[in-house]
Amino acid sequence: MRDATRQTVVWEALRAVLAERAAAAGTGSLDIVDAGGGTGGFAVPLAGLGHRVTVVDPSPDALAALERRAAEAGVQVKGLQGDVTDLGELLPPGCADVVLCHCTLEHVDDPAGALAAIGRVLRDDGVISVIAANSVAAALHRALAGRFDEASRVLGEPGGRWGDRDPMPRRFTREELVGLLTAAGFTVGDVHGVRIFTDIVPSMLAESDPGALIALERAAASHPVFRDIATQLHVIGRKRRPAGD
Ligand SMILES: C[S@@+](CC[C@H](N)C(=O)[O-])C[C@H]1O[C@@H](n2cnc3c(N)ncnc32)[C@H](O)[C@@H]1O
């Protein structure tokens, strides 16, 4: 159910971005880099749509699984082992129309450095798609689980973690994500909330009418209040052209 919601809301936004970017570039086949692309959950379907996709990920296991998944789907995806912060050493400047950084910024040591590195491999007007864990949602979820101290800690601690046993290394508020992207040279466009209700309604209710729940998630994804309590935030940004261009 969580995956279905993520797929629906994220892919609708991605499809619109890809169509717009393809029209601007005058080609249906874009150069896409998936930074922290893991086993290819996005990369393989994107290659299936005819795009040239490169995954950069530090995990050899993930890259091996990506290779198998691509082979099963009958598509080619290039896998490069490395850190998103080192993208500039792995790929030439300005080589990508679109860079995905989905559920990865939470794990990198230097999110600002990672976004700067992404900016360098993007063409002018290239698009970045970032999905990251929302600390506001983590506070809500801990409170709903009766973990009130942990909810307070999420709100008070930089990085939005609820304690030492929290498996998530870092979370962001919408303001923090928008601030990071802006400082790294991106103009921030749409921000969508992903998994707003799916993670807070009892699973029995979520499973009783999944189609209606997905429709609700879609309707609330851009809502200025509900968006900000989503488990994940999906931010689309465009690389700003250097002044004077
Ligand atoms: C939760 S998975 C997300 C996979 C994929 N992007 C998705 O949305 O399905 C996080 C991925 O980030 C990768 N990762 C962790 N630290 C990274 C870093 N510093 N640079 C690039 N990727 C990293 C992990 O190996 C893992 O594949």
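Order of appearance sets the numbers: ligands from 1, and atoms from 1 within every ligand. Note: hydrogens, waters and symmetry copies are ignored here, and every other heavy atom, side chains too, is used.
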Classify the side-chain pair [X]/[Y] by whether it contains a donor and acceptor separated by less than 3.5 Å.
X      : Y      : result
Thr231 : Asp199 : yes
Thr8   : Glu217 : no
Thr39  : Arg69  : yes
Ser59  : Asp61  : no

At what distance, to the nearest 0.5 angstrom, does CG of Leu122 lie from NZ of Lys239?
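Between atom CG of Leu122 and atom NZ of Lys239 there are 6.0 Å.
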What is the nearest protein non-hydrogen atom to [atom], stated with its residue, atom name and distance?
atom                    : answer
atom 7 (C) of ligand 1  : Arg6 NH2, 3.5 Å
atom 19 (N) of ligand 1 : Asp83 OD2, 3.0 Å
atom 3 (C) of ligand 1  : His102 O, 3.6 Å
atom 2 (S) of ligand 1  : Cys103 O, 4.0 Å
atom 17 (C) of ligand 1 : Pro58 CG, 3.7 Å
atom 12 (O) of ligand 1 : Thr104 OG1, 3.4 Å
atom 20 (N) of ligand 1 : Val84 N, 2.9 Å

SB check Asp97 Arg52 (cutoff 4.0 Å):
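Here Asp97 does not pair with Arg52 in a salt bridge, since their nearest N and O are not under 4.0 Å apart.
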Any salt bridge linking Glu20 with Arg238? Criterion: basic side-chain nitrogen under 4.0 Å from a carboxylate oxygen.
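Salt bridge: yes.
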Does Gly41 have a heavy atom less than 4.0 Å from any atom of ligand 1?
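False for this residue.
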So for Ala35, does at least one of its heavy atoms come nearer than 4.0 angstrom to any atom of ligand 1?
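Flag not set, Ala35 not near ligand 1.
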Step-by-step side chain to side chain contact (heavy atoms under 4.5 Å, CB included) determination, Leu63 to Gln81
CA-CA 7 Å; Leu63 292 175; Gln81 192 176 357; 3.7 Å; yes
For residues Val44 and Leu66, determine if any side-chain heavy atom of one lies less than 4.5 Å from a side-chain heavy atom of the other.
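Yes, close enough: below the 4.5 Å cut-off.
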I want to know if ligand 1 touches Gly36 in the polar sense, i.e. an N/O pair below 3.5 angstrom.
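Yes, since at least one N or O of Gly36 sits under 3.5 Å from an N or O of ligand 1.
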Pick from Leu63, Val108, Asp34: the one approaching atom 18 (C) of ligand 1 most closely through a non-hydrogen atom
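Answer by nearest heavy atom: Val108.
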From the options Asp61, Asp57, Leu87, select the one whose nearest heavy atom is closest to atom 25 (O) of ligand 1.
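Comparing heavy atoms across Asp61, Asp57, Leu87, the nearest one to atom 25 (O) of ligand 1 lies in Asp57.
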In ligand 1, which numbered atoms sit nearer than 4.0 Å to a non-hydrogen atom of [X]?
X      : value
Phe42  : 8 (O)
His107 : 15 (C), 16 (N)
Ser59  : 25 (O)
Gly38  : 27 (O)

Per the side chain to side chain contact (heavy atoms under 4.5 Å, CB included) rule, which among Leu177, Ile131, Val9 passes with His234?
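Going through Leu177, Ile131, Val9 one by one, the side chain to side chain contact (heavy atoms under 4.5 Å, CB included) with His234 is satisfied by Ile131 alone.
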